[in-house]
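For reference, the structure discussed in these notes is given below.
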2 protein chains.
Amino acid sequence: MAMTKRIEETNRSRPAKRRTTTIRAAATRIPKVASAKLPEPKPAANRAEKSAERRAAIVEAAMDEFIARGFAATRLDDVAKRAGVAKGTLYLYFKDKESMFEELIRTAVVPLVNRMAAPPTITGPVRDAVERFAETFIREIVSTRRGDIVRLIVSEGPRFPTIADFYFREVVSKGMAAMQALIQLAITRGEIRQRQLAQFPQLVVAPAIVAVIWQSLFARHAPLDALAMFKVHLDLIFGERSKP
Amino acid sequence: MAMTKRIEETNRSRPAKRRTTTIRAAATRIPKVASAKLPEPKPAANRAEKSAERRAAIVEAAMDEFIARGFAATRLDDVAKRAGVAKGTLYLYFKDKESMFEELIRTAVVPLVNRMAAPPTITGPVRDAVERFAETFIREIVSTRRGDIVRLIVSEGPRFPTIADFYFREVVSKGMAAMQALIQLAITRGEIRQRQLAQFPQLVVAPAIVAVIWQSLFARHAPLDALAMFKVHLDLIFGERSKP
DNA sequence: ATAATATGACTGACCAGTCAGTCATCGTCA
DNA sequence: TGACGATGACTGACTGGTCAGTCATATTAT
């Protein structure tokens, strides 16, 4: 402990990008999501509109970068470039990198929840309700960029307790409660024999989570038909379907 | 004679300490794993031993840091400090940060596989074999730091295709194949009715994966009895157990 | 006009990786 | 056995490049 000074442990967030031996810059290029690159049919003259558009562009760009690189390795210069604004502009919309990240996750999760929390209407067998739910989930999340958001939460959650807490509160606990109610109903109706299942609603959604992870890690090696898998899973829970 | 330079640096310039808005330094401290901090009962005089010890210390330290912060945000200065060596020493054992990370994962995964690949002996019902397997998995992985390694792979995999490939090749594909064989056997024996299950061995292990994720993200909010959950899962697959 | 916005050059903290120098071990010879 | 030079593991100050965040200046909507 000579005179390293240490400066009070400031903002922690260090990317890697060294540029020493292996350069490999090309491999670092972002996938370039086929995002709507529509050339703004609306010039959007007034302030409010432009502001909203700019914000949306920033959010979109930041999402792509954070998903592709994770929090620490994402450069705000890149976010700005991708969004088509100057770096300073980012700071007109977000306090700092961390706030940007957290707010991003929040605003991404909300429509995700709305999508999912929509129809609690149970007409007909519970299995059908669960199956419809799963279909929506797989169509809207597993097969889209939203799945990457889930993976992002898994990745960065431990480093952002705020986000993990938010996600647990707004998504997980509610989802588990809803699922538990559904299971209970199915048990009451005699659709599900295994009564213990109500204690572990996680079991119902586990294959969906695994599908998300599988897609982003192993799809290249072995594509996974998430929907087919989920149907087999439902057969396990509800008993094999008589009619195909 | 290296640094005769010395640099006057009267250091009048206030370090300034950027100190923008929120500091939040404390949240950044590493959990400080309760690792064996035993004060070296073995002085280990000879070179080879010391070298091995040093390497082990570095691996241990690096593991802690990478798990806690992820690849990009981990500082090699911290790894060195934690391992009790100088930074330069790290480079005697690893080519660079990236190699260190990849090699770390590899060496961590190997014993993990050995642990799991051990007893393919099927004496008695397949369910018992799977249950024993799950017990080992939960005891050795979900409830230990090894689970964090799995999470680390999920987190950094997309940024380290090398690692994702390695993991798929050495763990996932082998594990899936073994599980598939087991399912097939159980189907043949009539222990499993749902024949489609053989197409999706992922379904069998999904709850274990979810348990790992749950532990690291939500254990604080709602602890999960992974083993109890898995037993219910097995009941779904094999049919409810008659005897408790 | 002029206030609200946007810009991007700039600052300084930060950190991966280097390398000249140190010193604990080891081999060897008296 | 004991002393001494050779070896190479270890150290940590230093370099060079990076990037979050700032702010004086420029642009634009009203």
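Numbered from 1 within each chain, the chains take letters A, B, ... in sequence-line order.
We find that NZ of Lys81(B) is positioned 12 Å from P of dA16(C), with the value rounded to whole Å. When rounded to the nearest whole Å, the span between CZ of Phe94(A) and C1' of dA20(D) equals 16 Å. Rounded to whole Å, the distance from CG on Leu76(A) to P on dT7(C) is 15 Å. Remark: P of dA4(C) and CZ of Arg55(A) are 19 Å apart, rounded to the nearest angstrom. Across the protein-nucleic acid pair, Leu90(A) atom CG and dG21(D) atom C1' stand 11 Å apart, rounded to whole Å. Taking atom CD of Glu98(A) as the reference point, atom C1' of dA20(D) lies 12 Å away to the nearest angstrom. Atom P of nucleotide dG17(C) and atom CE of Met100(B) are separated by 9 Å, given to the nearest angstrom. Protein atom NZ of Lys97(B) is 15 Å distant from nucleotide atom C1' of dG17(D), rounded to whole Å.
Among the nucleotides dA20(D), dC15(C), dT7(C), the one closest to any side-chain atom of Val85(A) is dT7(C). Among dA16(C), dC10(D), dT7(C), the nucleotide with an atom closest to any side-chain atom of Thr89(B) is dC10(D). Minimum atom distance to the side chain of Arg75(B) is reached by dA16(C), of the listed dG8(C), dA16(C), dT11(D). In this structure, the nucleotide among dT7(C), dT22(D), dT11(D) sitting nearest to the side chain of Tyr91(A) is dT22(D).
Taking the six-membered ring for Trp, Phe230(A) and Phe137(A) have ring centres at least 6.0 Å apart.
Dashed line: the shortest gap from a side-chain N or O of Lys87(B) to OP1 or OP2 of dG12(D) is not under 4.0 Å. The phosphate of dT7(C) (OP1 or OP2) has a side-chain N or O of Arg54(A) nearer than 4.0 angstrom.
With no hydrogens or angles considered, no side-chain donor-acceptor pair links Thr162(B) and Asp165(B) at under 3.5 Å.
For the atom pair Leu90(A) CG and Arg55(A) CZ, the distance stands at 11.5 Å (nearest 0.5 Å). Taken from CE in Met176(A) to CZ in Phe168(A), the straight-line distance is 9.0 Å, to the nearest 0.5 Å.
Nucleic acid contact for Leu92(B): base, since at least one base atom lies under 4.0 Å from a heavy atom of the residue. As judged by a 4.0 angstrom heavy-atom cut-off over every strand, Tyr93(B) is placed among residues touching the sugar-phosphate backbone only.
With a 6.0 Å radius and a threshold of 12 heavy atoms from other residues, nucleotides or ligands, Arg220(A) has its CZ atom at or below the threshold.
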